Protein chains: 2
Amino acid sequence: MESENIYTAIAAKLRQQIMQGEFKDGAVFPSESELTKRFQVTRTTVRHALELLVNEGLLSKSQGRRNRVQIRKITKTTWNFASFSEGMRSAHEIPVSKVCKAQIIAADDGSYFNLVRLRGIKRIAGIQFMTYEDTKVPLSLFPQIDRFDFSVVSLYETMRKEYGIYPFKGESQIFAVLADEFLAKSFAVTEGYPLVKAVQSIFDREGRLVEKVSIVYAPELIIKLTQDAGH
Amino acid sequence: MESENIYTAIAAKLRQQIMQGEFKDGAVFPSESELTKRFQVTRTTVRHALELLVNEGLLSKSQGRRNRVQIRKITKTTWNFASFSEGMRSAHEIPVSKVCKAQIIAADDGSYFNLVRLRGIKRIAGIQFMTYEDTKVPLSLFPQIDRFDFSVVSLYETMRKEYGIYPFKGESQIFAVLADEFLAKSFAVTEGYPLVKAVQSIFDREGRLVEKVSIVYAPELIIKLTQDAGH
DNA sequence: AAGTGGTCTAGACCACCAT
DNA sequence: TGGTGGTCTAGACCACTTA
């Protein structure tokens, strides 16, 4: 498991410790001088390693303060439901998830766990669904993942905590579709109403396919994207 | 125009030279040792400055070879038409642009140049339009920009070359809409066909609003997005 | 006041590329 | 083979936060 460079090796070791929960999310990180002693290198090399972790969204820095573990979510936008439900939770709304289908399916390239969910929020007036998600995850990477109840637990959290696999990069295609009877009923719109649908493939850092997902968004849901030229 | 750090100041100076075309796109960049002499700093500091430019997508590096100026486009996807038309050009298709409206409008926050275009490609069978774009650019940043003929010249290129302003960051909202009579005719679909519409605000590095644009995409146009967790 | 991270120096050796 | 960028050392001083 050796890497060519010292700093990549150090980053790999620290990343592993973060992933395995040895350094917990939000906790203070060992100081740079501690790390120089531990790894027997100069501070420059330690900082080079830490820079990688910062760029990966695992570590947050600010001058004078101790470095902290901060696991950044895959997007900062309402692009996937995860961040959306977090926003709702803070606004005193309760996220709900209704499993429509949870089964193992066979494809050309192996077996997949297929999870179909309606997701939304619970309000006084009743449940309002915001997305319809059809997810496929490869069983080769996530053996026995069908034993979890995803109406209760988060899929991404399960991937991270139970399997140590971390979504890193996503590719999406966007379409417009017309609401069919089921979607119209679920989203409380008329049949034929135009809806946004996204088909995504999510990969981890090693480039392995982690998830194939198709999402139809309710019209209330404002889909925001942020893109940079660089950085 | 002084910055607090030496490396930020050096990066700012080099960035300016790249933007102003002193170092042209694709050309070799001064070597790191040359830059240490020019700015009278160590190589570490020069490299710190260059790292910023690499992250901004202005510079490309590889070991042993000279650093090169490489101006990365705002997206690598079919997200805006620019990259799409570039792809088409290489496939021996001719991009076309039909100006529907080009006028100055007044808003609460100043005057804007409003440009509405149908854009697409010319084929043997005829012209096929792929996007309908409604663009508004502030006259405060781009005085007399209405003198250009944007059926011929690129809007982004004009911003860059004539005004030295460089699109950096974009925020988008995505909707689904139904084709009205005009769009149906332009895109050769039936009225009521579902289409993807994006409303974008584009900012430059200083955070100034450079462009407000709404784009409706033809159904043939596959909209691809790539997103990373970090880096 | 002590400790932390941010910046910067002045070197060194190496891997890689072009000639 | 000479020059380039990549890595790394062993220091130093500063800005900032925390106690």
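Protein chains get the first letters and strands the later ones, always in sequence-line order, with residue 1 at the start of each. Treat the numbers as computed from the prediction; the structure is a model and nothing was measured.
Put simply, A:R47 has no side-chain N or O that comes within less than 4.0 Å of OP1 or OP2 on C:dG5. OP1 or OP2 of C:dG5 has not a single side-chain nitrogen or oxygen of A:S33 nearer than 4.0 Å. Taking side-chain N and O atoms only, B:Y7 has a distance below 4.0 Å to OP1 or OP2 of C:dT7. An OP1 or OP2 oxygen of D:dT4 is reached within less than 4.0 angstrom by a side-chain nitrogen or oxygen of B:S31.
Remark: P of C:dC17 and CG of B:N67 are 14 Å apart, rounded to the nearest angstrom. Nucleotide D:dG5 holds its C1' atom 15 Å from the CG atom of B:L53, rounded to whole Å. The CD1 atom of B:I6 sits 14 Å away from the C1' atom of D:dA12 (whole-angstrom rounding). Summarising the geometry, the separation between CD on B:Q63 and P on D:dG6 is reported as 6 Å, rounded to the nearest angstrom. Note: CZ (B:R65) to P (C:dT19) measures 12 Å, nearest angstrom. When rounded to the nearest whole Å, the span between CD of A:E51 and C1' of C:dT7 equals 14 Å. Distance B:L35 CG to D:dG5 C1': 12 Å, rounded to the nearest Å. Taking atom CG of residue B:N5 and atom C1' of nucleotide C:dT9, one finds them 15 Å apart after rounding to whole Å.
Using cut-offs of 30° and 60° on the angle between ring planes, the pair A:Y7 and A:H48 is parallel.
The side chain of A:H48 lies closest to D:dT7 when the candidates are D:dT7, C:dT7, C:dA15. With D:dA15, D:dA10, C:dT9 as the choices, the nucleotide that has an atom nearest any side-chain atom of B:T44 turns out to be C:dT9. Distances from the side chain of A:R43 to the nucleotides C:dG5, C:dT9, C:dT4 place C:dG5 closest. The listed nucleotides are C:dG5, C:dT4, D:dT9; the one nearest the side chain of A:E34 is C:dT4.
Residues A:G64 and A:T45 both approach DNA chain D. Their nearest nucleotides, taken by heavy-atom distance, put A:T45 toward the 5′ side. Comparing A:S62 and B:S62 by the nucleotide of DNA chain C whose heavy atom lies nearest to each, the residue mapping closer to the 5' end is A:S62.
Within 6.0 Å of atom NZ in A:K197, 12 or fewer heavy atoms from other residues, nucleotides or ligands are found, so the atom counts as exposed in its surroundings. More than 12 heavy atoms of other residues, nucleotides or ligands lie within 6.0 Å of NZ in B:K136, so this atom counts as buried by the packing criterion.
For the pair A:R66 (side chain) and A:F29 (backbone), a donor-acceptor distance under 3.5 Å is present.
Counting heavy atoms from C-beta outward, A:F113 and A:F150 have side chains that approach closer than 4.5 Å.
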